[in-house]
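Notes for the one structure printed next.
Note that this is a predicted model, so its numbers are computed, not measured.
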Amino acid sequence: MIARARIAWANAARLARRLAPRRRGRSTAGFLLLEALVAVGIMAFILSVLPSGVIIARKSVLTSANVVSARLVAEAVLTNEFSGPDITVGTNGGTLDGFEWATLVRPNEALRQAFPSRQWQPFDVIVQVLVPNGPKVTLETVRLGRER
């Protein structure tokens with residue numbers, strides 16, 4: 001009788017284990033919903049910041065390209081307008097390669113007094129070129145010439 005009771009008890013225990021809800025341990029086979037949501041949130045943040053950085057970088061590159069082009073225009077104006085020995089005091093302006101430029105020429109009295117000469121006179125020459133949606137490019141130099 002005791003043996004039968006033990007067998008019945010063992011069968012009941014096995015049956016109870018089969019029918020009882022199983023406790024599952026944390027599986028390493030996949031992601032939790034919270035982990036997936038955090039990953040999606042981080043990706044959304046990165047994708048929202050990235051386009052604005054690209055736009056700012058592109059605008060900066062375009063502005064710097066315009067400044068370099070304006071600098072080349074200013075040097076070309078200096079070369080073309082002041083290539084001869086005769087220099088006209090005053091202002092002048094024009095357009096070159098789509099950039100507006102202006103020059104200002106005035107006698108440099110300090111150099112004239114420090115280095116007097118009958119043939120050559122020093123002039124301050126300032127060339128400004130307007131950059132679209134950007135700063136002005138300014139070149140300043142001293143040129144020796146004869147006043148017209």
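The shortest non-hydrogen separation linking V105 to V89 is O-CG1, 3.3 Å. For the pair I87 and G145, the tightest heavy-atom approach, listed with the atom from each and the gap, is CD1-CA, 4.0 Å. Across every non-hydrogen atom of P132 and F99, the tightest pair is CD-CE2, 3.7 Å. Contact record, L111 with P122: CB-CG, 3.6 Å, taken as the closest heavy-atom pair. When all heavy atoms of E100 and T95 are compared, the pair lying nearest together is CG-OG1, 4.2 Å.
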Checklist entry - Please walk me through it: do V125 and F82 pass side-chain contact (heavy atoms from CB on, under 4.5 Å)? => result CA-CA 9 Å; V125 178; F82 304 102; 3.5 Å; yes

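Using a 4.5 Å cut-off between side-chain heavy atoms of Ile, Leu, Val, Met, Phe, Trp and Tyr, with links allowed through other members, V129 and L78 fall into the same hydrophobic cluster. Neither L62 nor I55 shares a network with the other; the hydrophobic side chains, linked directly or stepwise wherever heavy atoms of I, L, V, M, F, W or Y lie under 4.5 Å apart, form separate groups for each. V38 and I46 fall within the same hydrophobic cluster, where Ile, Leu, Val, Met, Phe, Trp and Tyr residues are linked whenever their side-chain heavy atoms come under 4.5 Å apart, directly or through other members. Hydrophobic clustering, with ILVMFWY side chains joined whenever heavy atoms are under 4.5 angstrom apart, keeps L72 apart from L130.
Counting only heavy atoms from C-beta outward, the side chains of N92 and E81 approach each other to under 4.5 Å. Residues T103 and I126 form no side-chain contact, since every pair of their non-hydrogen atoms from C-beta on lies 4.5 Å or further apart. Looking at heavy atoms from C-beta onward, V127 lies out of side-chain contact with T138 at the 4.5 angstrom threshold. Using a 4.5 Å heavy-atom cutoff, the side chains of S69 and D97 are not in contact.
Expressed to the nearest 0.5 Å, how far CG of L144 lies from CD of Q119 amounts to 10.5 Å. Rounded to the nearest 0.5 angstrom, T91 OG1 and L104 CG are separated by 7.0 Å. Interatomic distance, CD of E75 versus CG of N80, reported as 11.5 Å (0.5 Å rounding). Between the CZ atom in R71 and the CG atom in L139 there is a gap of 4.5 Å [rounded to 0.5 Å].
Although no hydrogens or angles enter the test, the distance criterion places no donor-acceptor pair under 3.5 Å between the side chain of S60 and the main chain of I56. Remark: the backbone N or O of F45 is paired with a side-chain donor or acceptor of S48 at under 3.5 angstrom. With Q113 contributing its side chain and A110 its backbone, the two residues share no donor-acceptor pair below 3.5 Å.
Residues passing the side chain to side chain contact (heavy atoms under 4.5 Å, CB included) test with L96, sequence neighbours excluded: V73, A76, V77, W101.
No side-chain donor from either of Q121 and R146 sits under 3.5 Å from a side-chain acceptor of the other.
By the 6.0 Å contact criterion, CZ on R143 is enclosed, its count of non-hydrogen atoms from other residues, nucleotides or ligands being greater than 12. The 12-atom threshold is not exceeded at CZ of R106, counting heavy atoms of other residues, nucleotides or ligands nearer than 6.0 Å.
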